[in-house]
Every structure is written in C-alpha cells, then in structure tokens.
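Take a look at the structure set out below.
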Amino acid sequence: MLTPDFPKRVEIELSNSCNLRCTYCPRSYLDNPSGFISEKLFRKIIDEISPFPDTILVLHRRGESLLHPAFNSLMGYIPGKFKEVQMATNATLLNPEKFEAIVKGLTFISFSIDVPSVFDKTRKPAVYSAVEGNILDFLKFNKGKVRTQVSMVKTAGTPQNNVELFKKIWDGKVDRIRVYEEHSINGVFGAIRKPRKERKPCVMPNYELLVYYDGKTGRCNHDWAGEPMGDVNSQTIREIWHNEKYARLRMEHEKLVFTDSLCAKCDSWYPEVGQQGTGEVVEK
C-alpha cells in the first residue's frame, strides 16, 4: 500500500480516563496517568485535518470520551468539516444534555454493551438497565440522523447463545450489530486467542495515525502503550506522518522483520483496509 501524503484516518483520544473497570479491557495493564485533551490542542489538530475532509475522524481510544468536561464544546467545533466522524462509548454517561452535540458532531456512534446476564458482572460498576435505557432514549432522539451500532466482546467463555440473544435484543433498533473478539490477551496489546499463522504486512502504518490526549502519537488503535511516534504539541501531523520512525516502521512491515516490539507481538494486524485483524464479526 502506498503511503498517502496525509493519514486516511486520525483517531483523537478525548480522554484516557474511564469510569468502568471492564474485566477484559486492556486498560487493566496500563499504569500511565489519566487525563483529558485540552480544547486548544483539540482545535489545533482539527484545524490541521480539516483541509482533508475525506479523512475519517475517530474520537475515542483508551478512555470514555463522554467523561470530557468540555465534550459538547469539542463536538461544536466539528460540524461541516468532515464527511465521517465516529465515536464509541460505554453509554453510561449518555444523557439528553449531550444528545444534540452528538447528533450535530458525529456521523456514527457505537455503544459498547453486552447481554444482561453478563453485563453487570464484566462492566463494573455499570448497571445494564440504566445503560440500555440511555441508548434507547438516544435512539428516540436521534431518529436515524447518526448511524448507530451496538457491540459486545466475545471471550473464551462466551456461549454462542449469548451472541444470538444479543442480536435478538438489538435487531431492528440500530443500524449495525457487532461482536468483537477479546484482544490484548495476558497484557500483550493486540494479541488474540487464535493468532493467524501467516503474517502479512499491516496497512495501518500507511492508513491511520493516533493522537493521545496529551498530544503524543501512536501507531494505530492497538497501540495502547507503545513508544510515541511523535508529539503534535510541537510537530504537525504531516511532519510526524513522514518522519524517520514511520519510514522505518513501514519498511519493517514490508519486509516482515520487526524491531518495533509492539508490532512484532501484535496478532491484530490488518492485511487491507476494511478487514478486521481482531477477528471482528459483522453480525448485521
């Protein structure tokens, strides 16, 4: 895959904080401090990306985006600048005060949930009935303006009838239903339960750039704690995208010889755009 002049997708982490302690979340292996992106830095990043309206903007990563105290203000800086703006949320903080900002700022939102019998045990301290109610209230307000998805995590102990129940609960209520395979097994970021045998180059070094809440940049959505590729506080996205670190990473993927420890251990590589390296299954 040829390297474009500018990333095709940019993920901006609004917050590294989270109000849940999900049993299978890679956050449990992190020891870095939590925080929120500043409005000034957020606007700087958006201003650099906005001349590229086809760039996919993703507004979440290691934390819960709705925790940001200036969430509505951040959303208010986005409308009209991009064709595709996405976000995932655990929906615990989803409320009418945020509905309008979400509908105006996003084109796609994903709600991380599960079946009732599992949810309260794995997504502590959230309560299923409250989260389901938040999502249903939003769906009534949304009226199809923003594309919607619900997703659950499939672990080694998830019975197939849970997957079928999940589909049954949400069928006809949202635009897409997804089941994600658990990843980052035993603290190895990007590791999955059934690694694929034939390693291929990953497209992400030529496709996506991730900006953490503090301005440091990562490789992709499976880079939870790698050595930063750059810092947008002092560099532009384009400068980072074309720096020596990225050139070396792309060469390592081309030759499949890795000195980058994160990519070397990752099983969640993407052979091409649109294919999900985590074993992700589109159920609808």
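Both backbone and side-chain heavy atoms feed into the values below; hydrogens, waters and symmetry mates do not.
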Any side-chain heavy-atom pair of [X] and [Y] under 4.5 Å:
X	Y	result
W241	T236	no
V150	I169	no
F82	T107	no
K173	L136	yes
F111	N134	no
M204	R9	yes
W170	E132	yes
R238	F52	yes

task = Quick one: do L210 and W224 satisfy side chain to side chain contact (heavy atoms under 4.5 Å, CB included)? Show the steps, please.
result = CA-CA 10 Å; L210 166 63; W224 285 69; over 6 Å; no
ask   = Taking it one step at a time, do F6 and I49 satisfy side chain to side chain contact (heavy atoms under 4.5 Å, CB included)?
value = CA-CA 9 Å; F6 199 81; I49 305 172; 4.2 Å; yes
How many angstroms lie between atom [atom1] of [X] and atom [atom2] of [Y], to the nearest 0.5 angstrom?
X	Y	atom1	atom2	result
I109	Q86	CD1	CD	11.0 Å
L209	R219	CG	CZ	11.0 Å
K44	K40	NZ	NZ	10.0 Å
S112	F119	OG	CZ	9.5 Å
E164	D171	CD	CG	11.0 Å
I240	K216	CD1	NZ	10.5 Å

Mind checking whether [X] and [Y] sit in one hydrophobic cluster, side chains of I, L, V, M, F, W, Y counted as touching below 4.5 Å?
X	Y	result
F138	L93	yes
L67	Y77	yes
L41	M87	yes
V118	V163	yes
V153	I135	no

For the side chain of [X] and the backbone of [Y], is there at least one donor-acceptor N/O pair under 3.5 Å apart?
X	Y	value
E48	I237	yes
E252	D260	yes
S151	R178	no
D223	L262	no
E254	R250	no
H60	S65	no
R27	N16	yes

Where [X] and [Y] come nearest, the two heavy atoms and their spacing:
X	Y	result
L256	K200	CD2-C, 3.6 Å
Y246	G218	OH-O, 3.4 Å
I78	G105	CG2-O, 3.6 Å
R43	S73	NH2-OG, 3.9 Å

query = Quick one: do the T3 and N206 side chains pair a donor with an acceptor below 3.5 Å?
reply =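 Result is yes, a qualifying pair exists.
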task = With sequence neighbours excluded, tell me which residues meet side chain to side chain donor-acceptor pair (under 3.5 Å) with S15.
result =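 Scan of S15 (side chain to side chain donor-acceptor pair (under 3.5 Å), adjacent residues dropped) gives none.
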inquiry  = Given E64, which partner from the list N19, T92, T89 fulfils the side chain to side chain donor-acceptor pair (under 3.5 Å) test?
reply    =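 It is T89; the other options fail the test.
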request  = Please step through side chain to side chain contact (heavy atoms under 4.5 Å, CB included) for the pair K167 and V179, ending with a clear verdict.
outcome  = CA-CA 9 Å; K167 292 162 59 178; V179 176; 5.7 Å; no
ask   = When you look at F99 and L94, which way does the side chain to side chain contact (heavy atoms under 4.5 Å, CB included) test go after all the steps?
value = CA-CA 8 Å; F99 286 177; L94 191 65; 3.7 Å; yes
query = Quick one: salt bridge (charged side-chain N to carboxylate O under 4.0 Å, His left out) partners of K104, sequence neighbours excluded?
reply =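 E100.
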inquiry  = For Y212, does the six-membered ring have the charged nitrogen or CZ of R62 within the cation-pi criterion, i.e. under 6.0 angstrom from the centroid and within 45° of the normal?
reply    =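 Yes, cation above the ring, under 6.0 Å and within 45°.
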task = Please collect all side chain to side chain donor-acceptor pair (under 3.5 Å) contacts where either partner lies in residues 137-147, sequence neighbours excluded, each pair once.
result =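 Pairs touching residues 137-147 that pass the test: E84-R147.
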task = Quick one: sort the F258 and H253 rings into parallel, tilted or perpendicular, breaks at 30° and 60°.
result =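 Perpendicular: the ring planes of F258 and H253 meet at over 60°.
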